[in-house]
Student: 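Shown below is the structure under consideration.
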Amino acid sequence: MNEIQLEKIEFEPGKSFKLFSPRLRNTFLWHYHPQFELVYVEADAGIRHVGTHISGYTQSDLVFIGGNLPHLNFDYRLRSDYHQIVIQLKTDFLGSAISIAPELSAIHQLFKMAEYGIAFYGEAKVTVARKLKEMEGMDSYDQLIQLINVFQILAGSRERKILNSDLSSTSFILKDKIRMGAVYEYIDAFYDQKPDVHQVAAKVHLSTPAFCRYFKRQTKMTFTEFVNQYRIERAKNLLMQDRNVTETCYAVGFESISYFNKLFNMVVGENPSTFKKRWDEHVKKT
């Protein structure tokens, strides 16, 4: 049985953070680590899975993740070319200064909010993306100053979305990481077929009624609701990659076009045809 992996992060001597560009799109890495992490990725479309939150992103994503918050690698299953920048911070990044120095009070609050996972958009994302790219050619000292500026920008931005409403589910996931790791990997492997709640319950050694109660307590959703939401996020990705509505419907596991349209509209707020048309027009303009 698979489990949520603890990623062991090593830092270079004399460095309080790690800056790198991983490429793991063929790896399902559902993991956690005590260090904070800032992730920026440029891609046509991808999946954002942080804690119990699942959503999609288009063109680019910027997320700040607190310590021990389980998440999937943001480049998982990306098919087109992409660029990713990841910054991981030591648990004592900036030492006691972050909680004592009044000049750092806004950044201190930002780090507290990161426990829930934060996604940024708009001008804040554009500005920070540029600064992160600039860091790759700087020396260590200038990188640190640039990074503090980045966090100050993010701390002052209102262009953000908190990804998890509470930490109780996340805490429960970590306590039971073997089960939830197996469940998430099963859903990812079979979402486009017919995920069987009885099969996944047996996989984690629970009766079906006990598993349904367990899963609802973990995610605040039924197993079917979770699978359907995962399917819709995958469908959005396919629609943005030149697949038509019918192809997309069957590719993510739905057998009825009308049901797919209804569920897509319920989750996204518009039907898949409208979504695809709007995306195609956006691409032409850019």
Student: Return yes when atom NZ of K133 has more than 12 non-hydrogen atoms of other residues, nucleotides or ligands closer than 6.0 Å, and no otherwise.
Tutor: yes

Student: Give, for atom SG of C249 and atom OH of Y259, the distance between the pair rounded to the nearest 0.5 Å.
Tutor: 11.0 Å

Student: Crowded around K277 NZ? As in, over 12 foreign heavy atoms under 6.0 Å?
Tutor: no

Student: Check for me whether K18 meets the cation-pi criterion with F20, that is, NZ or CZ under 6.0 Å from the six-membered ring centre and within 45 degrees of the ring axis.
Tutor: yes

Student: Identify the two heavy atoms, one from K276 and one from L239, that lie closest to each other, and give their separation to 0.1 Å.
Tutor: NZ-O, 3.1 Å

Student: State, to 0.1 Å, how close N164 and T52 come at their nearest heavy-atom pair, and which atoms those are.
Tutor: OD1-N, 3.0 Å

Student: I would like to know whether Y230 and I54 meet side-chain contact (heavy atoms from CB on, under 4.5 Å); could you show each step before the answer?
Tutor: CA-CA 7 Å; Y230 197 83; I54 295 179; 3.8 Å; yes

Student: Are F264 and F275 close enough, and set up right, to give a ring pair (Phe, Tyr, Trp, His ring centres under 6.0 Å), and what steps lead you there?
Tutor: CA-CA 10 Å; F264 193 100; F275 175 87; 5.6 Å; yes

Student: Establish, from distance only, whether the side-chain atoms of H108 and S99 form a donor-acceptor pair under 3.5 Å.
Tutor: no

Student: Rounded at 0.5 Å granularity, tell me how far CG in D81 sits from CD in E42.
Tutor: 10.0 Å

Student: Under the salt bridge (Lys or Arg N to Asp or Glu O under 4.0 Å) rule, what do D75 and R23 come out as? Steps first, then yes or no, please.
Tutor: CA-CA 7 Å; D75 59 345; R23 297 186 71 84; over 6 Å; no

Student: Considering non-hydrogen atoms only, spot the tightest contact between E136 and S21 and give its length.
Tutor: OE2-OG, 3.5 Å

Student: Got a sec, which residues hit ring pair (Phe, Tyr, Trp, His ring centres under 6.0 Å) with F64, two or more places apart in sequence or on another chain?
Tutor: F36, F111, F151

Student: Can you tell me if Q88 and Q35 form a side-chain donor-acceptor pair at under 3.5 Å?
Tutor: no

Student: To the nearest 0.5 Å, how far apart are CD1 in I232 and NZ in K236?
Tutor: 9.0 Å

Student: Under 4.5 Å between any side-chain heavy atoms of H205 and F211, yes or no?
Tutor: no

Student: Near Q193 CD, under 6.0 Å, is it more than 12 heavy atoms from other residues, nucleotides or ligands?
Tutor: yes

Student: Minimum heavy-atom separation for L104 and A97, please, with both atom names.
Tutor: CD1-O, 3.7 Å

Student: For the side chain to side chain contact (heavy atoms under 4.5 Å, CB included) test, which of L19, I65, L62 pairs with L38?
Tutor: L62

Student: Examine the side chains of D192 and Y250 and answer whether a donor and an acceptor come within less than 3.5 Å of each other.
Tutor: no

Student: Taking the side chain as every heavy atom from C-beta outward, state whether L89 and L147 have any pair of such atoms under 4.5 Å apart.
Tutor: yes

Student: Please walk me through it: do F74 and H49 pass ring pair (Phe, Tyr, Trp, His ring centres under 6.0 Å)?
Tutor: CA-CA 8 Å; F74 290 80; H49 189 170; 9.9 Å; no

Student: Do K125 and Q59 pair up side chain to side chain, a donor and an acceptor below 3.5 Å, judged on atom types alone?
Tutor: no

Student: Would a 4.5 Å heavy-atom cut-off, applied to side chains only, mark P195 and R231 as touching?
Tutor: yes

Student: Could you check if a side-chain atom of V197 sits within less than 4.5 angstrom of a side-chain atom of T224, using non-hydrogen atoms only?
Tutor: no

Student: What is the distance from atom OG of S55 to atom CD1 of I47, rounded to the nearest 0.5 Å?
Tutor: 7.5 Å

Student: Is it the case that R160 places NZ or CZ above or below the six-membered ring of Y121, under 6.0 angstrom from the centre and within 45 degrees of the axis?
Tutor: no

Student: What's the verdict on salt bridge (Lys or Arg N to Asp or Glu O under 4.0 Å) for E270 and R278, showing C-alpha distance, side-chain angles and the deciding distance?
Tutor: CA-CA 10 Å; E270 59 187 348; R278 184 170 56 80; 2.5 Å; yes

Student: Kindly determine whether Y184 and F226 satisfy side-chain contact (heavy atoms from CB on, under 4.5 Å), including the steps that lead there.
Tutor: CA-CA 10 Å; Y184 282 165; F226 190 92; 3.4 Å; yes

Student: I'd like to know whether K131 forms a side-chain contact (heavy atoms from CB on, under 4.5 Å) with Y40, so could you lay out the CA-CA distance, the side-chain angles of the two residues, the decisive distance to 0.1 Å, and finally the verdict.
Tutor: CA-CA 11 Å; K131 289 185 175 296; Y40 174 72; over 6 Å; no

Student: Are the side chains of F120 and E159 in touch, meaning some heavy atoms are under 4.5 Å apart?
Tutor: no

Student: Going by atom types alone, do S256 and S258 pair a side-chain donor with an acceptor below 3.5 Å?
Tutor: yes

Student: Once ring pair (Phe, Tyr, Trp, His ring centres under 6.0 Å) is applied, do any residues pair with H33, and if so which ones, sequence neighbours excluded?
Tutor: H31, H71

Student: Compare all side-chain heavy atoms of Y76 with those of L24 and state whether any distance is below 4.5 angstrom.
Tutor: no

Student: Specify the closest pair of heavy atoms between L163 and A119, including all atoms of both residues, with the distance to one decimal.
Tutor: CD2-CB, 3.9 Å

Student: Just checking, is any N or O donor in the side chain of R243 or T248 under 3.5 Å from an acceptor N or O on the other one?
Tutor: no

Student: Can you name the closest pair of heavy atoms from L69 and G117 and give their distance?
Tutor: CD2-N, 3.5 Å

Student: For E255 and K194, run salt bridge (Lys or Arg N to Asp or Glu O under 4.0 Å): C-alpha distance rounded to whole Å, both residues' side-chain angles, the deciding distance at 0.1 Å, then the answer.
Tutor: CA-CA 10 Å; E255 298 177 347; K194 288 186 177 180; 3.3 Å; yes

Student: Does Y186 have its ring centroid less than 6.0 Å away from the ring centroid of F190?
Tutor: yes

Student: Report the C-alpha distance between W30 and E185 in whole Å, list the side-chain angles of each, state the deciding distance to 0.1 Å, and finish with yes or no for side-chain contact (heavy atoms from CB on, under 4.5 Å).
Tutor: CA-CA 8 Å; W30 178 237; E185 192 159 31; over 6 Å; no

Student: Do F215 and T222 make a side-chain contact, defined as non-hydrogen atoms from C-beta onward lying under 4.5 Å apart?
Tutor: no

Student: Within this structure, what is the CE-CD distance for the pair M221 and Q229, rounded to the nearest 0.5 Å?
Tutor: 4.5 Å

Student: Measure the CG-NE2 distance between L132 and H83 for me, rounded to the nearest 0.5 Å.
Tutor: 9.0 Å

Student: Check the side chains of N271 and T274 for a donor-acceptor pair under 3.5 angstrom, ignoring hydrogens and angles.
Tutor: yes

